[in-house]
2 protein chains.
Amino acid sequence: MPDERIPDGYVHGYSEREHARLLDQATTLTELLHHDTCYPPGASVLEAGCGVGAQTVTLARNSPGARFTSIDVSPRSLEAARARAHAASLKNVTFQAADIFELPFPEESFDHVFVCFVLEHLPRPREALASLRSRLKPAGTLTVIEGDHGSTFFHPDNPDARRAIDCLVTLQARAGGNALIGRQLFPLLAQAGLRDVRVSPRMVYVDSSRPEWVEGFTRNTFTAMVEGVREQALAAGLVDATAWARGVAGLRRAAEPDGVFCYTFFKGVGVR
Amino acid sequence: MPDERIPDGYVHGYSEREHARLLDQATTLTELLHHDTCYPPGASVLEAGCGVGAQTVTLARNSPGARFTSIDVSPRSLEAARARAHAASLKNVTFQAADIFELPFPEESFDHVFVCFVLEHLPRPREALASLRSRLKPAGTLTVIEGDHGSTFFHPDNPDARRAIDCLVTLQARAGGNALIGRQLFPLLAQAGLRDVRVSPRMVYVDSSRPEWVEGFTRNTFTAMVEGVREQALAAGLVDATAWARGVAGLRRAAEPDGVFCYTFFKGVGVR
């Protein structure tokens, strides 16, 4: 299903490894990001941009009485999401191929809307939010979760590692996205017409007293994500292979026993 | 009282304005940083580096049955701290001029030690912690709070504003300190011999839904702190006056209604 809003150069790609990374990420971060999202029985919820269903399982399990409509523009992602929902025995989710900018639902269709790790890939996130807002019933909520690569810092600090992260930011920008979007959720939601907007940061703080986060986040989520764009970064001439290797080594260094790694996600909720 | 460990070029200076800024900062951040520090009745607590007493009042009020010994190397700061404690009618604090590296107390003197915004100014923070640890009774706790200027990010992003912050980091490093020390609390405490070290980030997230933080933190704490080193930054040739003005304007821009500002403090606790 072609979609001009998510360019072919979707920065994370659609490989098997990427699929595994997204699932790892969802498992590790579930509590931090989702613990305060619970919809009441009978509520109808649109999950916009469900991807491979990594968040869908958590969403649907945390609100077993709500009915979810989970959409994505990618048929391949939807196929993976359906399989995952089936494996998880979810009964309260309907999957549908759809584009956030051309939603096949009338206005005021849903009680709530949920969007996670989607706006970062869209060239017009404010318009996407306005489109989603229009499908909300009055007093319905719109919840958005996004990361912000510019929130990353670590110990020992390492200029090559920072540069490697900058490559990711640049590639995502060239693909029409914005890897620094987390910090912008408050103005984006307000400008899209939501009211009573509340944004809260969710920092992932990792030191060796939390080995599950060292493994699950620093190594297998963040560093793996950076490593995943190596070829693109080199092909674009953003960095040479030696500096790239030093950068990845710098990120891995932060996962050693005396290392520290910090990254912040943002969660925003607004009301129609 | 001369002290070779805190150079004359203490980056924040000792002006009246700086004094007011430190008090503002303490008031705004009190809950975020101090809410989980409460010592039991009868406990003896060493507050190392009390400065003008900005934290002392909160500490002593939150633990009214504990007895505090608050030390600082600067007689002028101690004088201000005494006046503030007197104004607050504190009865459980004793002030004393003393140097963290030459503590006038025998080993195992205190039940607990508290250090806030001090390590960032010391050339040898690990040794300072080891010195403080030695004054703890067995099973006593050492609590440290520090900021990390490298944790700062904001919207709209602004390279000149980032550069102005970098000036502060550079000046503090030249004065023998480390403005990026917050992220290092875990390894520092562990390497100083503390056990069961637990570090938690305390992010200040500011958007216009929190006007008291826009005023109290973004403008009157952080931007004021950056503005306070203008002359030093220009004299050191780190930046020219035009770029500096753009940088400060960039920080102020983040305090506008559609702006966002983020800064992270770290709090670490270890056990002897």
Taking atom types as modelled, which donor-acceptor pairs link chain A and chain B at under 3.5 angstrom?
residue, atom, partner, partner atom, Å
A:Phe154, O, B:Arg183, NH1, 3.1
A:Arg183, NH1, B:Phe154, O, 3.1
A:Val199, O, B:Arg210, NH2, 2.5
A:Arg210, NH2, B:Val199, O, 2.5

Which heavy-atom pair separates A:Phe186 from B:Pro257 by the least distance, and what is that distance? CE2-O, 3.9 Å
Option in A:Phe153, A:Phe261, A:Phe154 with maximal non-hydrogen atom pairs under 4.5 Å from chain B: A:Phe153
If you tally heavy-atom pairs under 4.5 Å between each of B:Val199, B:Leu185, B:Leu180 and chain A, the highest tally belongs to B:Val199
